[in-house]
Amino acid sequence: MASVAAKLHVFVACALLLLAVGCQASPFWPLEMGYYHDKCPQAEAIVKGVMEKAIFQNPGNGAAMIRMLFHDCFVEGCDASVLLDPTPFSPTPEKLSPPNDPTLRGFELIDAIKDALEAACPGVVSCADIVAFAARDASPILSRGKVNFEMPSGRRDGTFSNASEPLKFLVPPTSNLSDLVASFVIKGLNTEDLVILSGAHTIGRSHCSSFVSDRLNTPSDINGGLAAFLRGQCPADATPGGNDPTVMQDVVTPNKLDRQYYKNVLSHTVLFTSDAALMTSAETASMVVENAKIPGWWEDRFEKAMVKMAGIEVKTGYQGQIRKNCRAINHY
């Protein structure tokens, strides 16, 4: 009996020691709801207020924030590395990489949110959380309240950004299904997440250069009527940074975050090869049909997928920093 008690005492002591050392040494802890409740109680309300005004002025601002979250999280994790400007020490950050330049926008909107937060709570709210909150707040506004979810926070900002990284993790819109799935799996997401998050293509605009060569200049399954319309909008030689107009991604409900995208996939009225690719396997095609036909099905899953994506490779605890300016790392 004494031997058992002694062993139990040693086990408990060791467990407590491991717990204490682990908690003190770990640089990471999970994201949490209401992270700024005590540190900056008005933080989320400030972000929402700026987003409401920005989307009222231009619904494309909401689409830009949702896209920015994706482009940030898939490269270096959700750490606002996509926001960093070039410097003499880092002349080619992510924002200058072909997947981001010149199509990714919304940087000035992030600046406006950061300025408002710094005025209220200096040095408290990370740029990474601003991107996540902005994408979250865009969703109920653009969906007329049908996509509405809470976003955990506590992310910290990264200090590394290089233009070579997006080329590794942001696959182009010319990609086939296997490449798309692989790009999601490597980030801890799955095939359903791919199908669900692709639904964000129901809002926003696309540059012609993203689809002309493989959807209009060569045989494809794109609807003939849509193809004729697009040829009237897009030059056949559209190139990034050159003569490269933009068109709505969803001509039916262009400014509404809804399940129309999946109806467009079924009718072959989508812009990208990557959109059409969702019909190239029985598994993903079945998901497209469910999202198109069942009211509320996509919205519920989109909420969960957005939170899941916003948790990719986050920096928390002692990792990273809280930037004073979202475009530049702090130099202490």
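- S209 and D244 are linked by a side-chain donor-acceptor pair at a separation below 3.5 angstrom, with hydrogens and angles left out of the test.
- By the criterion of side-chain heavy atoms lying less than 4.5 angstrom apart, applied directly or through intervening Ile, Leu, Val, Met, Phe, Trp or Tyr residues, L271 is not grouped with V265; the two fall into different hydrophobic clusters.
- Between D250 and K256, the closest side-chain pair of non-hydrogen atoms is not below 4.5 Å.
- Using a 4.5 Å heavy-atom cutoff, the side chains of I141 and F56 are not in contact.
- A 4.5 Å side-chain heavy-atom check between L84 and R323 finds at least one atom pair inside the cut-off.
- Taking 4.5 Å as the limit, every side-chain heavy atom of Q233 sits out of range of all side-chain heavy atoms of P245.
- With contacts defined as side-chain heavy-atom distances shorter than 4.5 Å, the pair L257/W298 qualifies.
- With R215 as reference, D221 is the one residue of D275, T174, D221 to meet the side chain to side chain donor-acceptor pair (under 3.5 Å) rule.
- Between D129 and R156 no salt bridge is recorded (no basic side-chain N to carboxylate O distance below 4.0 Å).
- Considering CE of M287 and OG1 of T191, their distance stands at 6.0 Å, rounded to 0.5 Å.
- The two residues I46 and A116 make their nearest non-hydrogen contact at CG2-CB, 3.6 Å.
- Between G311 and L31, the shortest heavy-atom distance links the atoms CA-CD1, 4.3 Å.
- For I186, the CD1 atom counts as loosely surrounded, since its 6.0 Å shell holds 12 or fewer non-hydrogen atoms of other residues, nucleotides or ligands.
- Residue K146 qualifies as open at atom NZ: its count of foreign heavy atoms under 6.0 Å is 12 or below.
- A donor-acceptor pair under 3.5 Å is formed between the side chain of T218 and the backbone N or O of D214.
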Verdict with reasoning, T253 to T202, per side-chain contact (heavy atoms from CB on, under 4.5 Å): CA-CA 7 Å; T253 57; T202 190; 3.9 Å; yes

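- If you run side-chain contact (heavy atoms from CB on, under 4.5 Å) between M65 and each of I130, L109, D137, only L109 comes through.
- Rounded to the nearest 0.5 Å, atoms CG (L194) and CG (L278) are 6.0 Å apart.
- In this structure a side-chain-to-backbone donor-acceptor pair under 3.5 Å is present from E118 to G123.
- To the nearest 0.5 angstrom, L197 atom CG is 13.0 Å from R301 atom CZ.
- Although no hydrogens or angles enter the test, the distance criterion places no donor-acceptor pair under 3.5 Å between the side chain of N255 and the main chain of G60.
- Screening residues 201-230 for disulfide bond (SG atoms under 2.5 Å apart) gives C208-C234 as the qualifying pairs, with residues at least two apart or on separate chains.
- Distance CZ/R231 to CG/N217: 7.5 Å, rounded to 0.5 Å.
- Y261 and L226 are members of different hydrophobic clusters when ILVMFWY side chains are connected at heavy-atom separations under 4.5 Å.
- Contact between E94 and S161 at its shortest, heavy atoms only, is N-OG, 2.9 Å.
- When every heavy atom of M306 is checked against every heavy atom of A135, the shortest pair comes out as CE-CB, 4.0 Å.
- Minimum heavy-atom separation, I222 to V270: CD1-O, 3.7 Å.
- Side chain of R259 to backbone of A292: a donor-acceptor contact under 3.5 angstrom is found.
- The hydrophobic cluster containing L142 also contains M68, counting ILVMFWY residues as joined when their side-chain heavy atoms lie under 4.5 angstrom apart, directly or transitively.
- S90 contributes no side-chain N or O that, together with a main-chain N or O of P93, makes up a donor-acceptor pair within less than 3.5 Å.
- Ring orientation note: the planes of F272 and F211 are tilted relative to one another, at an angle of 30° to 60°.
- A donor-acceptor distance shorter than 3.5 angstrom exists from the side chain of D193 to the backbone of N190, with no hydrogens or angles considered.
- Atom-to-atom distance recorded for I66:CD1 and S139:OG is 4.0 Å, nearest 0.5 angstrom.
- Distance alone, capped at 3.5 Å, places no donor-acceptor pair between the R105 side chain and the P102 backbone.
- Panel note: side chain D79, backbone R155; no donor-acceptor pair is recorded below 3.5 Å.
- N61 places no side-chain N or O within donor-acceptor distance of the main-chain N or O of I55, the cut-off being under 3.5 Å.
- With values rounded to the nearest 0.5 angstrom, Q321 atom CD is found 4.0 Å from N330 atom CG.
- By the 4.0 Å N-to-carboxylate-O rule, R327 lies close enough to D111 to be salt-bridged with it.
- You'll find the side chain of P98 reaches within 4.5 Å of the side chain of L167, heavy atoms only.
- Atom NZ of K187 has more than 12 heavy atoms from other residues, nucleotides or ligands within 6.0 Å.
- Counting non-hydrogen atoms of other residues, nucleotides and ligands closer than 6.0 Å to CD of E52 gives a total above 12.
- One N or O on the side chain of K114 and one on the backbone of V125 form a donor-acceptor pair closer than 3.5 Å.
- M309 is not listed as a side-chain neighbour of C78, based on a closest heavy-atom distance of 4.5 Å or more.
- The hydrophobic clustering, which links ILVMFWY residues whose side-chain heavy atoms are closer than 4.5 Å, places V307 and V147 together.
- Between Y262 and W297, the closest side-chain pair of non-hydrogen atoms is not below 4.5 Å.
- Under a hydrophobic clustering in which Ile, Leu, Val, Met, Phe, Trp and Tyr are joined whenever their side-chain heavy atoms come within less than 4.5 Å, directly or via other members, F160 and L83 fall into different clusters.
- Smallest separation of non-hydrogen atoms from D157 and S126: OD1-CB, 3.5 Å.
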